[in-house]
Amino acid sequence: MSQKAALRRELLAARRLLTQDDVGRTAAVLSASAQNLPELTEARTVAAYVSVGREPGTHALLDALRARGVRVLLPVLMEDNDLDWALFEGAEHLVPAGRGLLEPDGARLGPRAVLDADAVLLPGLAVDGRGMRLGRGGGSYDRVLARLSSAGAHPALVVLLYDDEVVARVPEEPHDHPVDAVVTPAGARRFPSRAS
Ligand SMILES: Nc1nc2c(c(=O)[nH]1)N(C=O)[C@@H](CNc1ccc(C(=O)N[C@@H](CCC(=O)O)C(=O)O)cc1)CN2
Ligand SMILES: Nc1ncnc2c1ncn2[C@@H]1O[C@H](COP(=O)(O)OP(=O)(O)OP(=O)(O)O)[C@@H](O)[C@H]1O
């Protein structure tokens, strides 16, 4: 098993020990602390995602951003694991999709819609002190980050995690791009800015 796969397995096993109560309580704290991040408060368009299962909860944050008039884009998983995007128009417009996901039911805006984002909230399983992120392994966000970078777009990249998911080192590959900040229940932490 690759180092990434082993770390992913370990972190997913730890998340499985969380109760829905743990997830709910943490979601409220995360939402409050994410809303104080200038990267999010100053954004007009945020590309986010709908948390499912034991992922750090994003629902309260999505509602708060939308209530403030922020344009919130949500991912729609395509067959090749790349991501299309659609507007978040409220929880009543989220529908069950494959792999236990909830997706927006509105018009698909195309994979390049993410280039409008001032901030991107990425799912992840871990991040290290350099900002290197471990994702689920589908490579969806690797593609999003490659697309942003080749278009010369530099939105703030923010990942939401539980405290013990900020780890000493995430094994990296050449295609990996670091994120700018992590928000955990303990607070926000910024990483050194990217050189580009
Ligand atoms: N909430 C959320 N939305 C997201 C992602 C994510 O990580 N979280 N994605 C990030 O790229 C994309 C979807 N990619 C995914 C890739 C793999 C699996 C997955 O392995 N699912 C398990 C079941 C869920 C679980 O319990 O972990 C499976 O299919 O067995 C899910 C989503 C876009 N939307
Ligand atoms: N720009 C890209 N285009 C297509 N495939 C890519 C790209 N970048 C990475 N991949 C592929 O995606 C797969 C998953 O990569 P990796 O294990 O780094 O995922 P991850 O970063 O943990 O997950 P995610 O990006 O979904 O959050 C690898 O097979 C990798 O080769």
Side-chain angles (χ1 to χ4, degrees), residues 1-20 23 26-27 30-31 34 46-63 72-88 91 94-106 108-115 117 120-128 130-151 153 155 157-162 165 167 169-180 182-183 196:
M1 196 189 307
S2 74
Q3 284 183 34
K4 276 191 180 180
L7 185 56
R8 230 175 245 130
R9 194 156 86 162
E10 192 182 309
L11 291 158
L12 284 169
R15 278 192 182 175
R16 276 194 290 272
L17 300 176
L18 299 172
T19 65
Q20 284 311 316
V23 177
T26 315
L30 281 173
S31 168
V46 174
Y49 64 95
V50 187
S51 60
V52 295
R54 269 108 166 170
E55 289 181 327
T58 63
H59 293 251
L61 179 59
L62 295 177
D63 285 336
V72 179
L73 300 174
L74 295 176
V76 177
L77 185 62
M78 300 196 291
E79 236 165 63
D80 63 355
N81 271 356
D82 204 348
L83 300 181
D84 199 340
W85 299 88
L87 272 187
F88 174 52
L94 296 178
V95 294
R99 303 203 190 176
L101 296 169
L102 282 171
E103 291 183 345
D105 65 5
R108 296 342 192 200
L109 304 174
R112 290 176 62 82
V114 72
L115 301 181
V120 180
L121 206 60
L122 299 91
L125 294 173
V127 73
D128 69 18
R130 303 167 300 167
M132 298 310 297
R133 180 189 62 97
L134 179 72
R136 276 199 188 272
S140 300
Y141 278 88
D142 290 330
R143 269 173 272 193
V144 167
L145 296 178
R147 182 168 288 133
L148 290 166
S149 152
S150 66
L157 305 176
V158 181
V159 60
L160 289 190
L161 294 173
Y162 296 106
E165 294 172 339
V167 301
R169 195 162 185 95
V170 166
E172 86 264 24
E173 293 175 83
H175 63 252
D176 288 325
H177 297 253
V179 298
D180 299 303
V182 60
V183 180
S196 54

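Each residue takes its place number in the sequence, starting with 1. Counting starts at 1 for both ligands and their atoms, following the listed order.
In terms of polar-atom proximity, defined here as any N/O pair under 3.5 Å, Tyr141 makes no such contact with ligand 1. For ligand 2, the polar-atom distance check finds no N/O of Pro123 at less than 3.5 Å from any of the ligand's N/O atoms. Checking only distances, Gly139 does come within under 3.5 Å of ligand 2, N or O to N or O. Checked by distance only, ligand 1 and Pro75 stay at 3.5 Å or farther apart across all their nitrogen or oxygen atoms. Note: an N/O pair closer than 3.5 Å links Gly137 and ligand 2 by distance alone.
Counting only heavy atoms from C-beta outward, the side chains of Arg133 and Asp176 never approach each other to under 4.5 Å.
Across the listed options Arg54, Glu55, Met78, Glu55 owns the non-hydrogen atom lying nearest to atom 6 (C) of ligand 1. The residue from Leu102, Val144, Leu101, Asp142 that puts a heavy atom closest to atom 3 (N) of ligand 1 is Leu101.
Of all atoms in ligand 2, numbered sequentially from 1 with element shown, those under 4.0 Å from a heavy atom of Tyr141 are 24 (P), 25 (O), 26 (O), 27 (O). Short contacts between ligand 2 and Asp176, defined as distances under 4.0 Å to a heavy atom of the residue, involve ligand atoms 18 (O).
Contact record, Arg143 with Gly138: NH2-O, 3.3 Å, taken as the closest heavy-atom pair. Taking all atoms of both residues into account, the shortest heavy-atom contact from Asn81 to Ser140 is O-OG, 2.5 Å.
At the top of the distance list for atom 17 (O) of ligand 2, counting protein heavy atoms only, stands Arg8 NH2, 3.0 Å. The nearest heavy-atom contact from the protein to atom 19 (O) of ligand 2 is Asp142 OD2, 3.2 Å. Nearest to atom 18 (O) of ligand 2 among the protein's heavy atoms is Lys4 NZ, 2.6 Å. In this structure, the protein non-hydrogen atom closest to atom 27 (O) of ligand 2 is Arg133 NH1, 2.8 Å. At the top of the distance list for atom 15 (C) of ligand 1, counting protein heavy atoms only, stands Arg99 NH1, 3.9 Å. Remark: minimum distance from atom 2 (C) of ligand 2 to any protein heavy atom is reached at Arg143 CG, 3.3 Å.
Contacts between Leu12 and ligand 1, counted as non-hydrogen atom pairs separated by less than 4.0 Å, are absent for every part of the residue. At a heavy-atom distance under 4.0 Å, only side-chain atoms of Leu83, from C-beta outward, approach ligand 1. Of all the heavy atoms of Leu145, none lies under 4.0 Å from any atom of ligand 2, so neither backbone nor side chain is involved.
By the 4.0 Å heavy-atom criterion, Gly100 is excluded from the residues contacting ligand 1. Taking a 4.0 Å cut-off on heavy atoms, Gly138 fails to register as neighbouring ligand 1.
Distance check for atom 22 (C) of ligand 1: every protein heavy atom is found at 4.0 Å or beyond. Protein heavy atoms are absent from the space less than 4.0 angstrom from atom 29 (O) of ligand 2.
Remark: side-chain polar atoms of Arg169 are not paired, donor with acceptor, to backbone N or O of Val167 under 3.5 angstrom.
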